[in-house]
Amino acid sequence: MSSKAKRVLPTRPEPPSLEQALADLRDTDPTDPVLLLPAEPRRDHGPSPGPAEERERLYRQSRSYVAMNQRLREAPERLRERREGLRGAGAALERSIAEMRHKTL
């Protein structure tokens, strides 16, 4: 017979508290595409809008989509800049750690 070690899975972490979730939302960039919602259609089941109102709604929705598309097109460059900044900070940290190790020896 073969004996296999039984794997113990890590426990699932506790969900964040309401305060932590609200803090995360407060600290998030307001232009984060995840938090932006496109305009939703009307749900009031009242009389259907006239042609002018429908055109205006479609115009606003189109503008919203165009603006979101522009932000998404700009996102890769912003992410590249942030990545380079983090790489620079990481390299500086590595140098600082190496200097500290050298001083202690």
Side-chain angles (χ1 to χ4, degrees):
M1 282 204 228
S2 67
S3 64
K4 292 186 179 180
K6 192 173 194 178
R7 283 192 193 177
V8 177
L9 297 175
T11 60
R12 184 176 287 186
E14 289 295 318
S17 68
L18 177 62
E19 292 79 22
Q20 290 170 324
L22 290 174
D24 286 346
L25 287 173
R26 265 193 312 275
D27 297 339
T28 303
D29 185 6
T31 60
D32 190 329
V34 172
L35 300 178
L36 297 175
L37 298 175
E40 292 190 22
R42 293 174 43 160
R43 298 182 191 270
D44 60 359
H45 302 295
S48 62
E53 290 87 5
E54 182 65 13
R55 274 195 308 272
E56 180 64 25
R57 184 188 69 78
L58 290 173
Y59 174 75
R60 283 193 310 258
Q61 188 178 30
S62 298
R63 295 270 313 207
S64 171
Y65 288 147
V66 168
M68 185 181 298
N69 190 329
Q70 182 63 32
R71 286 191 299 272
L72 290 173
R73 287 176 189 252
E74 294 168 354
E77 183 58 32
R78 284 195 312 267
L79 289 173
R80 268 192 289 282
E81 290 170 0
R82 288 180 182 176
R83 181 185 66 204
E84 292 305 316
L86 288 172
R87 283 184 177 167
L93 182 60
E94 290 294 329
R95 284 191 302 274
S96 177
I97 290 171
E99 288 175 12
M100 290 175 68
R101 284 183 179 156
H102 180 70
K103 288 180 182 178
T104 60
L105 297 177

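Evaluation of the salt bridge (charged side-chain N to carboxylate O under 4.0 Å, His left out) test over residues 87-96, restricted to residues two or more places apart or in two chains, returns Glu84-Arg87.
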Please output the side-chain donor-acceptor pairs of residues 67-83 that fall under 3.5 Å, not counting sequence neighbours, one pair per line with the distance.
unit_1	atom_1	unit_2	atom_2	d
Asn69	OD1	Arg73	NE	2.9
Gln70	NE2	Glu74	OE2	2.8
Glu77	OE1	Arg80	NE	3.3
Glu77	OE1	Arg80	NH2	3.3

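Partners of Ser62 according to the side-chain contact (heavy atoms from CB on, under 4.5 Å) rule, which considers only residues two or more places apart in sequence or in another chain, do not exist here. Residues meeting the side-chain hydrogen bond (donor to acceptor under 3.5 Å, both in side chains) test with Asp29, sequence neighbours left out: Thr31. Partners of Glu99 under the side-chain contact (heavy atoms from CB on, under 4.5 Å) rule, at least two apart in sequence or in another chain, do not exist in this structure. For Arg26, the side-chain contact (heavy atoms from CB on, under 4.5 Å) partners are Leu22, Ala23, not counting sequence neighbours. Taking the side-chain contact (heavy atoms from CB on, under 4.5 Å) definition, one finds that Ile97 meets it with Leu93, Arg101, sequence neighbours left out.
A distance-only check finds a donor-acceptor pair linking the side chain of Thr28 to the backbone of Asp24 [under 3.5 Å].
Through direct or relayed side-chain contacts under 4.5 Å between Ile, Leu, Val, Met, Phe, Trp and Tyr, Met100 connects to no other residue.
Side-chain contact between Glu56 and Glu53 is absent, with no heavy-atom pair separated by less than 4.5 Å.
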